[in-house]
Each structure stands twice: as structure tokens, then as C-alpha cells.
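Just so we're on the same page: letters track the sequence lines, and every chain starts at 1. Please read all numbers here as calculations on a predicted model, not as lab measurements. Side-chain atoms are counted along with the backbone in the values below, which use heavy atoms only and exclude waters and symmetry mates.
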Amino acid sequence: MVTLSRKFSTTAIPNPSKLLQRHLQSTTTTHIFIPFSQLQQRKLFESHLISVLHGCTHLTQIKQVHAHILRKGLDQCCYVLTKLIRMLTKLDVPVHSYPRLVFHQVKYPNPFLWTALIRGYATQGPFSESVVLYNRMRSEGTGPVSFTFSALFKACGAVLDVSLGRQVHAQTILIGGFASDLYVGNTMIDMYVKCGFLECGRKVFDEMSERDVVSWTELIVAYAKCGDMDSARELFSGLPVKDMVAWTAMVTGYAQNGRPREALDCFQRMQDSGVKTDEVTIVGIISACALLGVAKYANWVRDVAARYGFGPSENVVVGSALIDMYSKCGSVEEAYNIFEGMKERNVFSYSSMIVGFAMHGRAQAAMQLFHEMLKTEIRPNKVTFIGVLTACSHAGLVEQGRQLFATMEKCFGVARSADHYACMVDLLGRAGRLEDALELIETMPMEPHGGVWGALLGACRIYGNPDIAQIAANHLFELEPNGIGNYILLSNIYASARRWDDVSRLRILMREKGFKKNPGCSWVESKEGVVHEFFAGDMNHPQSSEIKRALADLLDRLKAKGYQPNLGSVTYDLSDDEKKRILMNHSEKLALAYGLLSSDAGCTIKIMKNLRICEDCHAFMCSASQVIGREIVVRDNMRFHHFSDGACSCGNFW
DNA sequence: GTAGGGTTAG
């Protein structure tokens with residue numbers, strides 16, 4: 001662990017006369033005896049060099065300016081050399097090479113030159129070197145400036161070392177009151193927040209004598225990141241001057257916390273207040289629309305982005321967000337159009353597209369794109385592998401999935417996480433290899449999380465295995481004590497196995513815990529773009545009698561084609577007639593009937609649902625797609641099902 | 001010198 005030198009923790013003030021002497025030497029070594037008028041000229045020349053350096057975009061340019069600096073005898077001029085080092089590190093020249101060399105050629109570096117180097121390490125790492133340099137700077141009698149502390153906080157934030165951060169904090173107070181400096185305060189807030197000590201960041205904020213919009217925004221983002229949008233909103237409302245970045249932080253915060261309507265409201269207010277919009281704001285509202293999953297909003301936001309000049313071909317981040325949004329709004333084709341039209345692609349664009357294909361059951365397309373990606377210089381990351389493993393899983397490609405899982409670390413340098421194990425459990429489980437899946441969990445090198453056991457429980461539902469289900473569920477009850485879905489899933493598995501005693505035992509347990517079943521809800525967009533919502537057994541819709549009639553007609557036609565209600569999907573021990581009635585009242589069937597009434601012939605009917613689609617509704621949709629000759633897309637809480645011509649894209653695995 | 005962005009499995 002790196003610490004600040006102990007001897008500076010209390011008595012840190014160096015000998016001033018020595019410091020002054022060094023300072024004079026270091027800033028004016030080459031022209032200390034130059035007459036005043038020439039000195040003025042020299043200063044002008046130095047300023048000129050600074051602006052030239054500022055405009056440099058390539059290393060070769062900087063080298064030319066450096067050669068010029070040396071020719072003019074400014075090899076000891078800290079002012080110019082500081083800028084030189086800053087530009088070098090800005091261009092990602094490794095700080096240990098050229099910048100460090102420049103630094104070592106100066107006999108008496110001033111605090112700014114030291115800080116340029118410290119900052120270089122704070123940006124590139126190794127971060128501990130920043131502290132080592134700081135200690136050396138102090139031991140050589142040079143006092144810090146406010147920039148020095150900003151750089152040190154940056155380094156502490158990068159290594160998430162709050163104890164070191166606290167030592168630096170103490171130094172800002174001990175040495176000349178740096179703690180009251182605005183920038184020092186801001187970087188300190190950032191450091192505490194990055195290290196996960198939000199309250200400490202808040203305390204710094206509360207105690208700052210001067211704050212600016214950056215201080216506020218840092219905290220707003222921190223609250224949003226930990227899901228506390230109420231505190232974020234409260235701070236934001238007290239922010240005197242709200243700029244584009246602060247507004248965007250709010251919009252994005254709502255989107256990241258799954259509150260799309262508030263994100264869009266916030267965007268509206270942002271526009272009303274006359275603040276500009278840039279591509280970052282656009283990305284925020286795109287993710288909000290992805291959460292809504294409604295085509296109308298998807299097209300609206302795409303137009304907004306285009307109006308501001310941030311289309312998918314101009315900006316790779318906007319493009320990747322649009323790919324994700326269209327996938328989540330049910331249009332994987334549109335997502336692929338975006339992908340194809342992008343000038344620049346990166347691992348996000350590829351991964352979003354691969355995940356999109358996987359979500360829609362297009363396993364072959366996902367695998368093909370993965371192999372196309374491998375031909376480029378873009379390397380897959382952990383999310384890419386989640387995408388391809390999920391694709392394999394949904395298509396039953398067990399061997400391909402196992403191969404990828406086996407080689408991801410060795411061949412692609414992507415470490416296997418618990419999430420990847422969850423994908424493998426899902427893969428084996430869906431293929432019916434429940435024991436293999438259980439064995440894989442038992443040999444995991446890390447603790448299995450809820451996703452891993454959840455995948456096994458899901459597989460037990462497909463294959464009706466209440467015994468392994470019980471093992472998985474027991475782990476889940478411990479890991480996710482408030483996860484009502486796990487109780488319901490286990491109860492359904494028991495019900496399918498007609499173990500009614502276990503069903504009622506669980507039901508009592510759930511009642512004791514105060515759980516209430518989340519009501520099933522589906523929604524469908526009418527051709528006017530209005531979203532209609534249906535709950536199970538819901539007869540509140542103005543056209544409810546027409547809906548009921550349409551559903552009864554459809555049922556008759558399906559029965560004629562051989563559809564039989566799947567009574568096992570009802571988890572109550574009721575009469576068969578009662579079960580049939582309950583099944584016909586499932587919200588997605590009501591939504592389908594309304595979709596039929598309210599859309600043009602030939603159009604795809606898109607339904608969204610808050611829970612997982614049940615087996616009976618799945619079979620119903622399959623059959624309906626054939627009888628009515630139309631594609632039906634259902635997005636449940638897990639994935640997309642494309643029903644067409646009597647079959648589903650999920651291949652009956654979900 | 002400081003603040004806001006895209007992909008994640010049951």
C-alpha cells in the first residue's frame with residue numbers, strides 16, 4: 001500500500017528562503033540577467049510557445065516544438081516544459097518515457113512541472129507513482145499547488161484508495177488552506193464518490209465555501225448511480241444555474257434507474273428551459289425509450305437525434321444505443337439496419353447487436369456476427385460472450401456454447417464470471433441436462449449468485465423437476481429473500497407435478513412473508529400509437545365486450561385446428577372448467593384480441609408483458625399466428641417471442 | 001485541473 005511520507009503529515013512547510021531560491025532559479029535560469037524590456041519579450045515568446053503546443057495534435061509536432069525550445073535555450077523553463085509534458089500525456093505518450101525524460105533534464109523543477117508529471121501518472125498509471133513523486137517533491141523542498149492535489153485525488157479515485165485519499169485530504173487542510181479551493185474540493189468530492197463514500201463527498205460539498213455547477217453535478221450523478229433519485233432530484237432543484245451537463249445527468253439518471261417516463265419529462269423540461277442538447281443527452285433519452293419498448297417512442301427519438309445531427313452514422317455511441325433500443329422495441333431488423341449503416345463500430349455496437357439477435361432467438365445471426373467481429377480488430381468483451389452464450393442457449397447449441405466457454409479466457413483473454421456460468425447453467429439446463437448443470441454450479445470457482453441458481457430453477461420448470469428445483473430455490477430464498485418470482489416459479493413447478501401440498505405450504509409461507517402476487521399485465525399499441533393496458537381478467541376496457549367476443553371466436557378457430565388449453569399452467573387446484581376460464585383471461589390473450597380489433601390486416605401485432613408468458617399462452621400464440629396468418633411478437637420480462645406460422649422463434653425454450 | 005453517454009445472463 002502506498003502512503004504519504006509520515007514526515008509531511010504534520011510539519012510540511014519547507015524552508016521558504018531555499019524554496020524561493022530554487023523557484024527563481026527554476027523559472028528564470030536562462031534569463032535572470034536579461035534587461036526588463038527583453039524579459040517582457042521573453043515572456044511573450046514563452047506564451048507564444050504555449051499556444052503553439054496547445055494546438056499540437058501529433059507527437060511529431062510536439063517534438064518539433066521541443067527542438068525549438070532547446071534551440072532557444074529554454075531547456076530549464078518550467079513554464080513551457082509543463083505545457084509540453086501535459087500535451088504529451090494528453091496524447092497518451094507513456095509518462096514514463098518521453099515526459100519523464102523532459103522532467104529529469106530540468107535541474108530545479110517548480111511545483112507545476114512536478115504536478116504535470118504527477119498528473120500524468122494519475123491519468124495513465126501506475127497510480128502509486130503519483131504519490132511517490134509527490135513525496136519526493138516534498139522531500140526536495142518544493143511546496144504543492146492546488147493542481148497537485150487535484151492530480152493526487154484523481155490517482156486515489158483511480159485506485160479506489162479512500163485511506164490514501166483521506167491522507168491527501170488532511171494535507172490540503174494542513175498546507176496553506178488548499179481545502180477551500182474550488183477545484184480541490186470538486187476533485188475531492190469525485191474521489192470520495194468513486195471510492196463509494198458518498199456521504200463523505202456530501203460532507204465536503206456541504207462544507208465548501210464556494211461551489212459551482214460541477215460540484216453539484218458530481219453529487220447528483222453519485223446519488224443517481226446508487227439509485228437514490230429522490231436525493232438527486234432534491235439537489236438538482238436547489239442548483240441555482242442548471243447547465244446542459246447537470247440536466248443530462250438527471251435525464252440519464254432516470255433512464256439508468258428504470259424510470260423512462262420521468263427521463264422523458266425531464267428532457268422536456270430541459271428543452272423548455274432553453275438549455276442546449278448534445279449527443280450525451282440524446283443517448284440518455286434513447287435508453288429511456290429502450291425501457292419503454294414502444295415503437296412510437298423509438299421512431300420519435302430517432303427523429304430527435306437526427307434533428308440535432310447525431311445519427312448512428314455520425315456517432316458510435318448514439319448508434320449503439322439505437323441498436324439496443326430497436327432490439328428492445330421488438331424490431332431486430334431495424335436494429336440491424338442501424339448497425340449496417342454505422343460508419344464506425346466498436347465492441348458496444350457489436351455486443352448490442354449480438355445480444356439483440358440472442359434476445360430475439362436469432363442464434364445463427366448472433367453467431368455469424370460474432371465471427372464477423374473476430375475478423376476485425378475489435379476484441380470481444382464479457383458482454384459479447386454473454387450475448388453469444390445466450391444465443392447458443394436459446395438455440396440448443398450445447399457444444400458450440402461449451403466450446404466458447406472453454407476458450408473465452410485462453411483465446412480471448414476474457415475472464416469467466418459468475419454471469420458466464422449462469423449462461424452455461426442455462427445452456428445445459430435448457431438442453432435438459434439438469435444434473436450436469438447442478439454439477440457445474442458445484443465446481444464454480446466463485447460463489448454462485450442468484451442468476452446462476454435462477455437459471456437452474458428456470459430449467460427445472462421446463463423439464464418439470466421439482467427435486468432439483470427445490471435445491472435451487474433454497475439457495476435463491478437465501479440469496480434473494482425478497483424475490484417473489486422464485487416462490488411463484490417453485491410453486492408452479494410443484495403445481496405441474498400436482499404436488500398440491502407443497503403448493504399450499506409455499507402459499508402459506510408467502511402469505512407469512514407478506515408477499516403479494518404481482519398482477520399480470522400486458523400492453524399493446526393501437527395503430528394510432530396509443531398504448532392499451534390489460535390486466536388478467538380485466539373487463540375495464542371500453543371495448544371489453546368486443547374483445548371478449550373476438551377472443552371467443554379466435555378460441556373456436558384454434559380449437560378446430562387442434563389447440564387444447566394447457567390446464568397445467570394454472571397453479572391452483574381447481575376444476576377444469578375454472579382453469580379454462582382463468583386461462584382465457586390471461587392479459588396477453590386480451591391484448592392479442594384487442595390487437596386484432598385495432599390493427600390493419602397483415603400488420604405484426606406486438607404485445608408486451610410484465611411477467612413471463614405461460615405455457616398455455618405460448619401455445620395459444622403459436623396457433624393463433626397460423627390461424628390468423630399474422631406475425632405476433634410478445635416481449636415478456638425475459639425475452640422476445642416471434643410467433644409466425646404456428647412456430648415461435650424461441651423454439652419452445654424460454 | 002474538476003461534472004453527464006451505449007451492450008449483461010434466470
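Annotation: cation-pi pair A/Arg119/A/Phe147 absent, no NZ/CZ under 6.0 Å from the ring centroid and within 45° of its normal.
The interatomic distance linking A/Asp426 (CG) with B/dA9 (P) rounds to 11 Å, in whole Å. Regarding A/Lys382, its NZ atom lies at a distance of 12 Å from the P atom of B/dT8, rounded to whole Å. The nearest whole Å value for the distance from the CZ atom in A/Arg86 to the P atom in B/dT2 is 7 Å. One interatomic measurement links the two molecules: CE of A/Met325 to P of B/dG6, which rounds to 14 Å at whole-angstrom precision. Rounding to whole angstrom units, CE of residue A/Met270 and C1' of B/dG5 are separated by 12 Å. Residue A/Phe153 contributes atom CZ, which lies 13 Å from atom C1' of B/dG1 at whole-angstrom precision. Regarding A/Leu182, its CG atom lies at a distance of 13 Å from the P atom of B/dA3, rounded to whole Å. Distance CD1 (A/Ile220) to P (B/dA3): 15 Å, rounded to an integer number of Å.
With sequence neighbours left out, A/Ala232 forms a side-chain contact (heavy atoms from CB on, under 4.5 Å) with A/Ile220, A/Tyr223, A/Met229, A/Met250. Take A/Tyr192 and apply the ring-ring contact (aromatic ring centres under 6.0 Å, His included) test, not counting sequence neighbours, and it matches A/His169.
Considering only side-chain atoms of A/Val213, the nucleotide from B/dG10, B/dG6, B/dA3 that sits closest is B/dA3. Listed nucleotides: B/dG1, B/dG4, B/dT2. Nearest to the side chain of A/Val245: B/dG4. In this structure, the nucleotide among B/dA3, B/dT8, B/dG1 sitting nearest to the side chain of A/Val214 is B/dA3. The A/Asp212 side chain lies nearest to B/dT2 when the options are B/dT2, B/dG1, B/dG5. Checking B/dT8, B/dG1, B/dA3 against the side-chain heavy atoms of A/Thr217 singles out B/dA3 as nearest. Side chain of A/Arg430, nearest nucleotide from B/dG6, B/dT2, B/dG10: B/dG10. The side chain of A/Asn486 lies closest to B/dG10 when the candidates are B/dG10, B/dG1, B/dG6.
Across all strands shown, A/Val355 has heavy atoms under 4.0 Å from sugar-phosphate atoms exclusively, and none from any base. Across all strands shown, A/Asp419 has heavy atoms under 4.0 Å from base atoms, whether or not it also approaches the sugar-phosphate. No contact: A/Leu457 has no heavy atom under 4.0 Å from any strand. Among the protein residues, A/Gly450 comes within range of the nucleic acid bases, having at least one heavy atom under 4.0 Å from a base atom. Backbone-only contact: A/Val221 has heavy atoms under 4.0 Å from sugar-phosphate atoms and none from a base. Contact annotation for A/Ser146: base contact, defined as any heavy-atom pair under 4.0 Å involving a base atom. At a threshold of 4.0 angstrom between heavy atoms, the contacts of A/Gly284 with the nucleic acid are absent. Looking at heavy-atom distances under 4.0 Å, A/Thr384 makes no contact with the nucleic acid at all. At a threshold of 4.0 angstrom between heavy atoms, the contacts of A/Leu489 with the nucleic acid are absent.
In this model, the phosphate group of B/dG10 is not approached by any side-chain N or O of A/Arg639 to a distance below 4.0 Å at OP1 or OP2. Between B/dT8 and A/Lys328, a contact under 4.0 Å exists linking OP1 or OP2 to a side-chain N or O. Note on A/Lys242: every side-chain N or O is 4.0 Å or more away from OP1 and OP2 of B/dA3.
Ring centroids of A/Phe385 and A/Phe370 are separated by less than 6.0 Å, placing the two rings close together. Checked against a 6.0 Å centroid threshold, the rings of A/Tyr336 and A/Tyr326 do not count as neighbours. A ring-centre distance under 6.0 Å is not found for A/Phe267 and A/Trp247.
Classification of the A/Phe149-A/Tyr134 ring pair by plane angle, with boundaries at 30° and 60°, yields tilted. Classification of the A/His360-A/Phe640 ring pair by plane angle, with boundaries at 30° and 60°, yields parallel.
Residues from residues 247-257 of chain A that place a heavy atom under 4.0 Å from any atom of DNA chain B, listed by number: A/Thr248, A/Thr252, A/Gln256.
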Starting from the C-alpha separation in whole Å, work towards a yes-or-no answer on side-chain hydrogen bond (donor to acceptor under 3.5 Å, both in side chains) for A/Arg635 and A/His641.
CA-CA 6 Å; A/Arg635 183 184 91 160; A/His641 299 266; over 6 Å; no
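A donor-acceptor contact under 3.5 Å is not formed by the side chain of A/Ser352 with the base of B/dT7. Between the side chain of A/Glu480 and the base of B/dG10 there is at least one donor-acceptor pair of N/O atoms closer than 3.5 Å. The base of B/dG6 is paired with the side chain of A/Asn346 by a donor and an acceptor separated by under 3.5 Å.
B/dG6 has A/Phe348 stacked on its base ring, the centres lying under 5.5 angstrom apart and the planes within 30 degrees of parallel.
The environment of A/Glu207 atom CD is dense: over 12 non-hydrogen atoms of other residues, nucleotides or ligands sit within 6.0 angstrom.
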